[in-house]
Amino acid sequence: MSLIEVRALTKTYRQAVRQPGLRGAFRHLVHQRYTERVAVDHIDMSIERGETVAYVGPNGAGKSTTIKMLTGILVPTSGEITVDGIVPHKRRMENARRIGVVFGQRTQLWWDIPVIETLSLLRDIHEMPAQEYRKNLDFLTELLGLDEFMHLTARRISLGQRMRADLAAAFLHSPAIVYLDEPTIGLDIAVKERIRGFIKQVNRELGTTVMLTTHDLGDIQDLCRRIVIIDHGRIIFDGALAEMTDAFARERVLHFQLRTPCPTAEQELQRIPNVTVSGLSDTELSVRFDRAFISARDITGAIMQIADVSDFRIDEPSIDHVIKRVYDGTLNLAVRKGGGA
Amino acid sequence: MRLILRAWRRNAYLYRRIMGQNLRAALEYQSDFLLSVGSAMLTQVLGLVFLGVVFSRIPTINGWGFWQIVFIYASIFLTEGFASLFFEGTWRIGYFVNHGELDRILLRPLSPAVQLLSSAIGMNGIGNLLVGGVMIGESLTHVHMVWTPGKILFSVILLLSGIVIRTSINFASNCSAFWVKNAGNAVPFMVHSISEFAKYPLTIYAPALQALVGIVVPYAFIGYVPAGYVFSTSGMAWIAVLCPLVALYCAAVAGLILRTGLRQYESTGN
Ligand SMILES: Nc1ncnc2c1ncn2[C@@H]1O[C@H](COP(=O)(O)OP(=O)(O)OP(=O)(O)O)[C@@H](O)[C@H]1O
Ligand SMILES: [Mg+2]
């Protein structure tokens, strides 16, 4: 059995419907109306020990809701979860001993207590042996650079420092699994890189399983071998990151700078299969093509004959682009269950 | 059994640890601290002055003399003092629920009840403790009675029961936040204000009110019933035996409400 097993997991929220204005508020008082909002809709997923999984999707897709169910905060409306053999919301405390969690938008630290005291309280809560605590603390201090703000209260530290402190708190008790919900939100590039480096190192050296949600595609590319895409509460892709980029890396876009306008380009190029004009102005012509069927050289040759070209460049497809098209619905990926393991 | 004992010891230890940190944080804001203690004391002294005025007109209320009523009054303050000083966190349950801060509590391997109770320290409780303590002391010196070791012991048990009852009622009423989802949830304040009735002998009220304060929200077991025991009021010594049981019952109900609430806790969208 996998470390994390999710079957037909569903969460429906009850959202109050309130008409705007004071009258609406009063009406709500007398006659409460609710709509059901399906945030997570029958998802299946298995995650193995030591995997790094990027869990992505547009805003409101249901990522945080899934994480909250996996961590035991929310009770699912239906479906099943087991994490390391136990059902998180039924045995919350036991589950909490084995996991580390960071919600980027909200700190888990005690607000009015110095960071180092928070860590020491967590040591007691997790009943860590003194030796293990010292070892982990040294490791975290070094990797996350906690020294500069260790003695300040969570209230007084900056966002980037807070995120580092939160990571330290999440990793302190050597959890087998960490759930990171937007751990790099709002951070500068240096801190981001530091945090990515940290996560990579922990995964590599301790075999910690990482599940990460993010809107930063750099995080995904840097950290994760597997990507799960969720949209409207449903999983629309689950597979290896490389597999996904391979499948779509065949597509290229060539941009030509034009010295003189070439209004007939579209018509002329229709003759060549597997090539479409994706943009045409007086100064630039862009064509999209599939590398498997035609080479950039052939296209360039054809275009040189019909237009007066001064310069050109080629766009590699970025993962960014692929994911954006999946969100937009212009790219339809088949769901491959349990892939990437 | 050993396991349960161990769990309780661990809870008590972690509770002390967290409260120690809260105390340190609270002391950083010293002027706030003095102000809140001062204003708490002032409110109670005013209540006492009012009581004095009433008693300057009538010698007894339903057979209870001035100092005996002061004792009931003071028991309410004293338990209130303990409850705010050590369990002020009950009043923050609504905040935790409405702002999704409960998430972080559910992510730690420590009982949510312990974490909620220890989430704040109410320094104004010191004011209540001082006034309540002095008043109880005064009332005991003004009423003649015989103290035996047994009576002292049971009185302490009554005080502890009172603290548990008070805290449990606060806890349960604040758990209403799981269902009443607006920020200004009035339920806990309403329930709390019922304790005003518990400052006087229960017998002065109509039966419906007696049932409310004696059974539904059993504040009567904090002041009135213990006073009946301490002053050996006829027929009441036996009722006092119920106090520890009522305390256990209240704690169990509060725990049940928390568990039910947690099952339907929905966190927040962001
Ligand atoms: N506590 C809640 N009560 C009611 N509805 C909620 C709650 N939390 C989330 N939702 C709804 O559920 C849906 C999924 O929300 P969720 O927070 O899981 O999205 P997400 O994928 O994490 O989005 P984002 O990228 O913006 O963080 C949204 O439509 C949201 O409105
Ligand atoms: Mg989210």
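First the proteins, then the strands, lettered A, B, ... as listed; each starts at 1.
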Counting only non-hydrogen atoms closer than 4.5 Å, does [X] touch chain A with its backbone (N, CA, C, O), its side chain (CB onward), both, or neither?
| X | value |
| --- | --- |
| B:Leu107 | both |
| B:Ile105 | neither |
| B:Leu102 | neither |

- request: Would you mind checking which part of A:Thr12 comes under 4.5 Å of any heavy atom in chain B, side chain (CB onward), backbone (N, CA, C, O), both or neither?
  value: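 Only the backbone of A:Thr12 comes within 4.5 Å of chain B.
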query: Considering only heavy atoms, which portion of A:Ser64 lies under 4.5 Å from any heavy atom of chain B: side chain, backbone, both, or neither?
result: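 Contact with chain B is absent: no heavy atom of A:Ser64 under 4.5 Å.
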- prompt: Between A:Lys68 and B:Thr268, is there a donor-acceptor pair closer than 3.5 Å when you use the side chain of the first and the backbone of the second?
  reply: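 Flag set: sc A:Lys68 to bb B:Thr268 pair under 3.5 Å.
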message: Tell me if a side-chain donor or acceptor on B:Arg10 pairs with a main-chain N or O of A:Ile125 at a distance below 3.5 Å.
response: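 Side chain of B:Arg10 to backbone of A:Ile125, a donor-acceptor pair under 3.5 Å: yes, one is there.
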- prompt: More than 12 foreign heavy atoms under 6.0 Å from CD of B:Gln264: is that the case here?
  reply: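 Result for CD/B:Gln264: enclosed.
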query: Which of residues 109-119 of chain B get closer than 4.5 angstrom to chain A, counting heavy atoms alone?
result: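 Heavy-atom contacts from residues 109-119 of chain B to chain A are B:Pro109, B:Leu110, B:Ser111.
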message: Do B:Arg24 and A:Trp110 form a cation-pi contact, if we require the NZ or CZ to be under 6.0 Å from the six-membered ring centre and within 45 degrees of the ring's axis?
response: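 So B:Arg24 doesn't make the cation-pi contact.
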- prompt: Can B:Arg104 and A:Thr107 be counted as having a side-chain donor-acceptor contact under 3.5 angstrom?
  reply: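 No pair is found: no donor N or O on one side chain lies under 3.5 Å from an acceptor on the other.
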field: Contact summary for B:Leu106 and A:Ile73, nearest pair of heavy atoms
entry: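 Shortest heavy-atom separation between B:Leu106 and A:Ile73 comes out as CD1-O, 3.8 Å.
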task: Of all the heavy-atom pairs spanning B:Arg108 and A:Gln108, show the shortest one and how long it is.
output: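 That closest heavy-atom pairing would be NH2-O, 2.8 Å.
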message: Can you tell whether the side chains of B:Arg6 and A:Glu127 come within less than 4.0 Å, N to carboxylate O?
response: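 Yes, this pair counts.
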